[in-house]
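Quick note on labels: first sequence line is chain A, next is B, and so on, each numbered from 1.
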Amino acid sequence: MKSLMMTVAVLALGATASMAQTVGFSQIGSESGWRAAETTLTKQQAEERGIDLKFSDAQQKQENQIAAIRSFIAQGVDAILLAPVVATGWDSVLQEAHEAEIPVVLLDRSVDSDKALYLTAVGSDLVHEGAVAGQWLVDTVAGNDCRVVELQGTTGSSPAIDRKAGFESAIEGHDNIEIVRSQTGDFTRAQGKEVMESFLQAENGGKDICALYAHNDDMAVGAIQAIKEAGLKPGEDILVVSIDAVPDIFQAMAAGEANATVELTPNMAGPAFDALKAYMEDGAEPAKFIQTESKLYTQADDPAGEYERRKDLGY
Amino acid sequence: MTALLRITPQLLTLAALMAMVTLFFPGFLKIEFVDGRLVGPVMDILKRGAPVGLLAVGMTLVIATRGIDLSVGTVVAITGAVTAWAITNGYGLGGALVLALAAGAVAGIWNGCLVAIAGIQPIVATLILMTSGRGIAQLVTEGRILTFSHDGLAFFGSGDLLGIPVPALIWLATAIGVTLLMRRTALGLLVEAVGVNRAASALAGVNATVLLIAVYVASGLCAALAGIIATADIRGADANNAGLWLELDAILAVVIGGNSLLGGRFSIAAALLGALIIQTIDTGILLAGFPSEYNLVIKAALVLVILVLQSPNLAGHWYALRRTFGRQPAATTATAKGAKQ
Amino acid sequence: MLLTIRSLTKTFPGTRALDGVDFDLAAGEIHALLGENGAGKSTLIKCLTGAYARDAGKISLDGQTVSPKSTSEAQELGIGTVYQEVNLLANLTVAQNLTFGREPTRFGMVDGRAQRQQAEAMLEGYGLDIDVSRDLSTYSVAVRQIVAIARAVALSGKVLILDEPTASLDSREVETLFGVMRKLRDQGMGMIFVSHFLDQVFSLTDRVTVLRNGRKITTERTADLDRVRLIEHMLGHTLENEVAGHRKADHGLPRSELLRFEDFGRRGHIEPFNLSVGEGEVLGLAGLLGSGRTESAELMFGVASAHSGSAQDKSGAIDLSSPRAAIAAGFGFAPEERKADGIVADLSVRENIALAMQARRGWARPISRSEQTRLAQDYIARLDIRTSGPDQVVGDLSGGNQQKVVLARWLAMNPRFLILDEPTRGIDVGAHAEILRLIDEVTKEGMSILVISSELDELIAVANRVIVVRDRRHVAELTGSEITTETIVRAIAAPEQGEDAA
């Protein structure tokens, strides 16, 4: 309801501000809270800049996205934002946009097409996110021995592979830190809790665990409950670091139960609009990959305030 | 006595599995008494096995009528969402539980009417809710993980009573209750009769239509209990992931329990052992500490071995094999099976 | 000899199903294989077709010893089988069924035209004029049977086993089938014919072999046998009163009316009819298959609800809107399709007998196991049900004993009006006589019975009154001395001599 009203508001704004650009946005769907937040923020960013945003929800289907892009081209939009559901199969529709001289900016994920077919891709570096989390742990334990358990994302998914690799690269050379157990928690709260329970069982009731690294906040939230139920204090007895920066982890940090999270910002549209503006007004060709900031939040960064700022974004 | 004989293969399988997990994780059977509750991997299995165990109870009844309920995983998500929604909107614990159970019952009535009155094949009828139901759950949670902080509700997921995890108590009580209801009344017989031959049962005066709807309602109620537990466990309703693929684990549990997908004779106890076998595999894999890439392969291999060992055809082959090697047939039951092949 | 069997023995736990049986089949012969249920006929056939492995003995075909290990292997050797329940795929076309497993292909794809031509060629000479591109299910059982025979003949070509092929055919269809069989005989085919219809055995077969309790009793030329001696061979004792017409005596008795159906009918099923049922009366319902016999019974039992008319008893109108309502009104119904609609195959004898009573009492008031067992034992003794005990699975019993279980289910309910649709179809002579005796017995106690049967002898023997059904209408009612084969046949045949709705 709220998003509908916002769309109406954006459309009305677009109609009155005659100088406004029109941008089409083909979103994957609303499969996760992060995705919903990305949609909300994109609409907010467009509104702030007076851009008329045409939004299309593909409901996880590539054919819907291709159809949406073709209709954007037919409507003669000034630019297209695309959050691609898969990496392949975009060549012909990107070619069509290219021939219509409509710049395409990829959000969040990349595609396997020729780089000349799109203006730029805005996204986060997943390896870097893992590295930021790892570096935080290296700095926090400061040379003390630390046995780490890791909750991986869905086996074989690129966030799981890259966030694992980034974390491992950051702790490399610090022999005091060791990953003793690593299992998939499927990015879900329930699995995160269940797998953490087995880690606690296997590691002397959790007494041998110094820190938990979770590939996303949801798993960390589930694991925090498991730690509490095992009679330990998350955040003190076991350090908790995770990635994404969703509202619930700030609540846990405010309660002292989580220690740090690395932000995967849902605001991909801001840098995208900036790049488009520079390109259109000054003809400045942006780099082919614009990396969003992987900001580290700790208990010192006003977690309660961050929670308030994020809780209505649709997470 | 015959009931014990019926579940012997499942008991042996479970024992063998537990022995195997102990080899990889020596502390597996250790149970400690910490802070007034029992703690140990076995207790975890009893607790974690609750959703699949509960679904298996309902699924056993549905399968006994020659049906199948693919929607239970989705109903877990819907009822979980309703629970969290009700508790965050101030309906209180009682209200949340009643609303969740009512949602499960409505799902069951929907499925049951499609099967028993509209005459749609069960696999198709329940597929409708399976595919659309998650959307309903997302409408309830508005697409986010709907979290709550209510200790009374959380008690159903992570509380203890007399040292035993509450989810384990819920599935045990449900299983015993349903078994007594089936075997102490004539329901069990009537369900089996409808499952073997609905036409003949109807001609003998069995109210097959009402009975069919009732088993789908039972399945929906079991799914609602599982949904309450799943939501209480993580103190939030995750419409995308709650109960995801659980219907398949529940069917697998029923099958490992030796219940025929063609309906008829059923054993709830055996299906529950099937659920425990699946959970033991899952927990065992986590404890053994293999890389997660191997999880599904190990599970598939173990399930394959279990099902092959339990297959009636193989029993015949065993008998033939033993006879070929000149040994005396051990039991007349084996002889009868061999002759029937 | 085309086929020779010597000292064939097959043992199952607890029973010796075949005990040193010899059997010969000549080319160009139709050889009847007879015996009561459990005599060993089906075991013999299953050993021949490879479904069972024999324990001892020798089977030779054309002088070669054979030991088929599967039905398909037997087919390749030249032994084909056609069962009572036709083993074809009803949802495929006739042509697909005929060429199944060896479809003509063109460029690796099934060649539909060649398939149809081949199928038509296979059916040539069987006197069928059917469209082979239509689904098999659109044709009658008789046509399906002939298609099955055509397929078996084309696949095997030496020995054809026909297991109860006529059980679900009416008399005209039986004649068509027999025409086909005689033609095949003339072509040199050897056929084994299993049937309970003794008339058919006499009219069709060249020789008869009788089995009893797993042993061969005799093999004789059919022409040298008479009916009584044949039945003696099968039953092993002199049949005292096979199905004597002993009810004639009380035809004239005045009866008080139990039920009355007025203008009772349903469009597309049976035209509205009037029928009065007397207490303790046996009503016969005669007619060809598909004439509306079964439809009349289903309407009376609420399987289909009536569009018009009413049913009444002394105290007023009766609700017959569903089987449950009919049962509540004191009705019972043993349907024609015993396996599909009668027994619950995977459940025990005990549970099958108790089922209707349990359904009537409701789920909350279970009949205890000991009560069920007592009930079952009572009826096992009373109806002489051959079973290893109340807990034997009904599906493992022979057809006659399954029928007795269904009867026991209804007798246990003590209904006032019991409908029996083809109660003796496909069951052996001994059970047949017992069921007729039972009808006699319960009607003396006041129960009223409606018997539907294709066997006129049977109706003549038991019925006080016979209703004749033709073209979904009740066309005649015969009582007393009017009930003869001739009058019934004449009523069925109809004055206009039109095409029957078979």
Side-chain angles (χ1 to χ4, degrees), chain B residues 1-3 61 64-66 178 180-212 214-215 218 259-266 316 319-320 323-324 329-341, chain C residues 10-15 17 51-53 55 298 301-303 322-328 331-335 337-348 350-369 372 391 393-396 406 409-410 413 419:
Chain B
M1 193 56 217
T2 45
L61 299 182
T65 64
R66 197 177 284 210
V178 173
L180 287 179
L181 183 67
M182 287 294 141
R183 299 303 175 194
R184 287 292 160 86
T185 71
L187 275 177
L189 169 66
L190 299 179
V191 164
E192 286 175 343
V194 169
V196 175
N197 192 336
R198 182 178 172 186
S201 304
L203 282 181
V206 180
N207 200 339
T209 307
V210 169
L211 210 57
L212 276 176
V215 295
N259 293 299
S260 166
L261 287 179
L262 294 178
R265 296 283 186 215
F266 67 88
Y319 171 69
R323 204 167 55 167
T324 320
T332 46
T333 49
T335 322
K337 270 185 182 159
K340 268 196 176 179
Q341 296 305 310
Chain C
K10 175 77 190 171
T11 314
F12 292 125
T15 52
Y52 288 163
D55 294 344
E298 287 181 348
F301 194 63
V303 178
S322 69
R324 283 174 64 78
I327 292 167
F331 286 31
F333 177 44
E337 300 288 341
R338 197 160 51 226
K339 280 199 165 63
D341 303 329
I343 60 162
V344 182
D346 292 354
L347 298 191
S348 65
R350 167 175 61 81
E351 289 163 314
N352 265 279
I353 291 177
L355 186 60
M357 190 184 276
Q358 182 62 69
R360 180 93 187 89
R361 277 169 63 152
W363 61 270
R365 292 175 56 222
I367 305 172
S368 75
R369 201 187 161 103
Q372 290 181 16
D391 287 315
V393 170
V394 161
D396 291 349
V406 175
R409 176 192 295 165
W410 291 114
M413 298 285 286
I419 304 167

State, to 0.1 Å, how close [X] and [Y] come at their nearest heavy-atom pair, and which atoms those are.
{"X": "C:V344", "Y": "B:S201", "answer": "CG2-OG, 4.2 Å"}
{"X": "C:P366", "Y": "B:A186", "answer": "CB-N, 3.7 Å"}
{"X": "B:A204", "Y": "C:A359", "answer": "O-CB, 3.8 Å"}

So for [X], is it side chain, backbone, both, or neither that comes closer than 4.5 Å to the heavy atoms of chain C?
{"X": "B:L181", "result": "side chain"}
{"X": "B:R198", "result": "neither"}
{"X": "B:A202", "result": "backbone"}

Do the non-hydrogen side-chain atoms of [X] and [Y] ever get within less than 4.5 Å of each other?
{"X": "C:W363", "Y": "B:N207", "result": "no"}
{"X": "B:L190", "Y": "C:L355", "result": "yes"}
{"X": "B:N197", "Y": "C:L347", "result": "no"}

Atom CZ of B:R184: over 12 foreign heavy atoms under 6.0 Å: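 Result for CZ/B:R184: open.
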Checking [X] against chain B: side chain, backbone, both or neither under 4.5 Å from a heavy atom?
{"X": "C:A340", "result": "backbone"}
{"X": "C:R360", "result": "neither"}
{"X": "C:I367", "result": "neither"}

Option in B:G195, B:G264, B:A199, B:A193 with maximal non-hydrogen atom pairs under 4.5 Å from chain C: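 Answer, by heavy-atom pair count under 4.5 Å with chain C: B:A193.
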Top contributor to chain C interface from B:L211, B:L203, B:V194, B:V206 [non-hydrogen pairs under 4.5 Å]: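 When all of B:L211, B:L203, B:V194, B:V206 are compared, B:L203 has the most.
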